[in-house]
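Reviewing the structure listed below.
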Amino acid sequence: MKGSRMSGVVATEESQGMDTRAFKRSLNSSENYHRKGFGHEADVSDQMQSEYQSSLVQQIRANNFTIQRGAVTIRLAEAFGFCWGVERAVAMAYETRQHFPTERIWITNEIIHNPSVNQRLREMNVKFIGVIDGDKDFSGVDRGDVVILPAFGASVQEMQFLNERGCTIVDTTCPWVSKVWTTVEKHKKVDYTSIIHGKYNHEETVATSSFAGKYLIVLNMAEAEYVANYILNGGDRDEFMTKFDHAHSAGFDPDRDLDRVGIANQTTMLKGETEQLGKLFERTMMRKYGPDQLNQHFLSFNTICDATQERQDAMFELVEEKLDLMMVIGGYNSSNTTHLQEIAIERGIPSYHIDSADRIGPGNRIEHKPLKRDLEVAANWLPSGPVVVGITSGASTPDKIVEDVLEKIFALKATVTVAK
């Protein structure tokens, strides 16, 4: 996997030889490490309410998640938008700026996958670590600087570097992500290979794999089935290694390292797919080693995020209703938002993934991101006549952005010619 460029030195993301638990304990006891706020909760709460909350969305929630204006009926998913972990991370970033008004503040990644929230932090003079040729460039970070770790977490090597540099570290990592780190550390302790359901280049998975020992990252069921077949029947080792290039630990050997496996996941993946993947490997190890030996070859802990699960469950309920089209609002690099989009597409509902209201218009046009494709512009996307629009948003999307999208739809619909 890619490393992190730190003052011109590339540090690998592998950690087989590192006692990550001991490092975390040491870091947690450091006076320069903070996982809680700084006592400015009330001020920050007022600020975030002003910038991110929406009276219209609150009104729709109170009205059984439905609103009708003219020929438009909006049906909101019953769980959507900011989750607790995201809200906590943004609030801690705001508190950090208040608590350190003059210090240089950096963040190692986007705080969350929402362009407007990240832009707001830039306006507050929070600097984002740059990337050079795919590697993070930490060379500008000096001793005494304040560095925020985002909701997705940071690799253990990044934490180690920042700690040794003498930085003040503000860790906003979501506790659900930390739970997955604990899981892969359990796998490492008993010398199991962690099979991580996720995207190998997603910052959360990069962080998780840095806490693992031996690991293999699988994106979907097709890749999982390929691995399961290899476990049972063997295969072409070179083909395997090429297929999972960048998605395994250093020195990984599929002929040696797949005899004992544990399951972990990127918290924003589809819940149902993670569960299927776990059951597949459980069946695979049972077939190979027998039911009486299963516990010596397979480990599984529940690391599915509650908020991700709630939003996906709400989306599954929403798409069962009669909808003319579906609007999915969230950052284009947001994994949990993309999976919400997948649910609508699987139901055959015309679906538009946008990151802000600015994507709508002028005219009856919309710039949106189809699944696995680049941005496209669709004309006449909002049909004439009465229309029912389903709305959901990713866990990094403020309600204010949802409100802006709704107002744009209402305004546009008023200009669309009613069907004759």
Side-chain angles (χ1 to χ4, degrees), residues 53-69 71-87 112-114 174 176 197 220-221 265-279 302-331 334-355 368-371 381-383 386-406 409-410 413:
Q53 291 190 10
S54 159
S55 58
L56 175 61
V57 169
Q58 292 286 46
Q59 174 189 338
I60 300 171
R61 278 194 174 104
N63 191 42
N64 199 27
F65 297 89
T66 301
I67 188 173
Q68 182 175 355
R69 279 195 198 170
V72 181
T73 300
I74 298 292
R75 298 201 188 284
L76 279 178
E78 293 194 13
F80 64 94
F82 265 11
C83 65
W84 173 81
V86 161
E87 193 164 0
I112 57 174
H113 282 155
N114 184 272
C174 175
W176 278 101
H197 179 211
N220 50 35
M221 282 301 294
N265 66 291
Q266 181 182 314
T267 59
T268 52
M269 301 302 280
L270 272 174
K271 174 193 72 168
E273 190 171 52
T274 296
E275 291 174 338
Q276 281 184 306
L277 190 144
K279 289 175 183 175
N302 179 15
T303 55
I304 296 172
C305 165
D306 279 351
T308 299
Q309 179 175 330
E310 288 169 0
R311 279 149 187 74
Q312 290 174 8
D313 289 346
M315 184 64 167
F316 279 117
E317 290 181 10
L318 181 59
V319 296
E320 291 300 319
E321 299 187 27
K322 183 173 174 51
L323 305 174
D324 295 303
L325 59 91
M326 186 74 212
M327 183 73 73
V328 180
I329 310 165
S334 166
S335 179
N336 77 87
T337 306
T338 300
H339 290 309
L340 296 175
Q341 170 84 329
E342 287 176 0
I343 294 170
I345 290 171
E346 287 171 0
R347 292 299 189 280
I349 301 171
S351 182
Y352 301 93
H353 177 186
I354 64 174
D355 60 355
H368 68 111
K369 189 178 185 308
L371 197 62
W381 67 279
L382 191 60
V387 60
V388 180
V389 181
I391 299 281
T392 191
S393 60
S396 298
T397 304
D399 285 357
K400 182 63 172 65
I401 292 178
V402 176
E403 175 183 328
D404 292 343
V405 170
L406 295 180
I409 292 173
F410 291 139
K413 185 60 179 170

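We use all heavy atoms of the structure for the numbers below, so side chains are in, but hydrogens, waters and symmetry mates are not. Remember, it's a predicted structure, so these values are computed and weren't measured experimentally.
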Check: D324 side chain, V388 main-chain N or O, donor-acceptor pair, under 3.5 Å: yes
Within-4.5 Å side-chain heavy-atom neighbours: V319 and M315: yes
Using modelled atom types only, decide if a donor and an acceptor are shared between the side chain of R311 and the backbone of A307 within a distance under 3.5 Å. yes
Determine whether V86 and N114 make a side-chain contact, defined as any pair of heavy atoms from C-beta on separated by less than 4.5 Å. no
How long is the straight-line distance from CD1 of I67 back to CG of L76, given to the nearest 0.5 Å? 9.0 Å
Between atom CE of M326 and atom CZ of R75, what is the distance when rounded to the nearest 0.5 Å? 12.0 Å
D399 vs F82 side-chain heavy atoms within contact, under 4.5 Å: no
Between H113 and S396, does any side-chain donor sit less than 3.5 Å from a side-chain acceptor? no
Between CD1 of I60 and CG of L406, what distance do you get to the nearest 0.5 Å? 5.0 Å
Would a 4.5 Å heavy-atom cut-off, applied to side chains only, mark L371 and T338 as touching? yes
Do I74 and F410 make a side-chain contact, defined as non-hydrogen atoms from C-beta onward lying under 4.5 Å apart? yes
N336 side chain to A395 main-chain N or O, any donor-acceptor pair under 3.5 Å? yes
Specify the closest pair of heavy atoms between T66 and N63, including all atoms of both residues, with the distance to one decimal. O-ND2, 2.7 Å
Would you check if the side chain of H353 reaches a backbone N or O of H368 as a donor-acceptor pair within less than 3.5 Å? no
Taking the side chain as every heavy atom from C-beta outward, state whether T337 and K369 have any atom pair closer than 4.5 Å. no
Donor-acceptor pair, side chain of K413 and main chain of P383, under 3.5 angstrom: yes
Identified side-chain contact (heavy atoms from CB on, under 4.5 Å) counterpart of Q312 within the set E317, M269, E342, K271: K271
Working to the nearest 0.5 angstrom, can you tell me the gap between K279 NZ and T274 OG1? 12.0 Å
Any side-chain heavy atom of L325 within less than 4.5 Å of one from L382? yes
Considering all heavy atoms of both residues, which atom of V328 and which atom of S351 are nearest to each other, and what is their separation? CG2-OG, 4.0 Å
Nearest 0.5 Å, what's the CG-OG1 distance between D306 and T267? 11.0 Å
Using every non-hydrogen atom in the two residues, find where M327 and V405 come nearest and quote the distance to one decimal. CG-CG1, 4.2 Å
Heavy-atom closest pair, residues F316 and E320: O-CG, 3.3 Å
Heavy-atom closest pair (A79 atom, A314 atom, distance to 0.1 Å) is N-CB, 3.5 Å
Report yes if some heavy atom in the side chain of L318 is under 4.5 Å from a heavy atom in the side chain of F80; otherwise report no. no
Roughly how far apart are L56 CG and K400 NZ, rounded to 0.5 Å? 10.0 Å
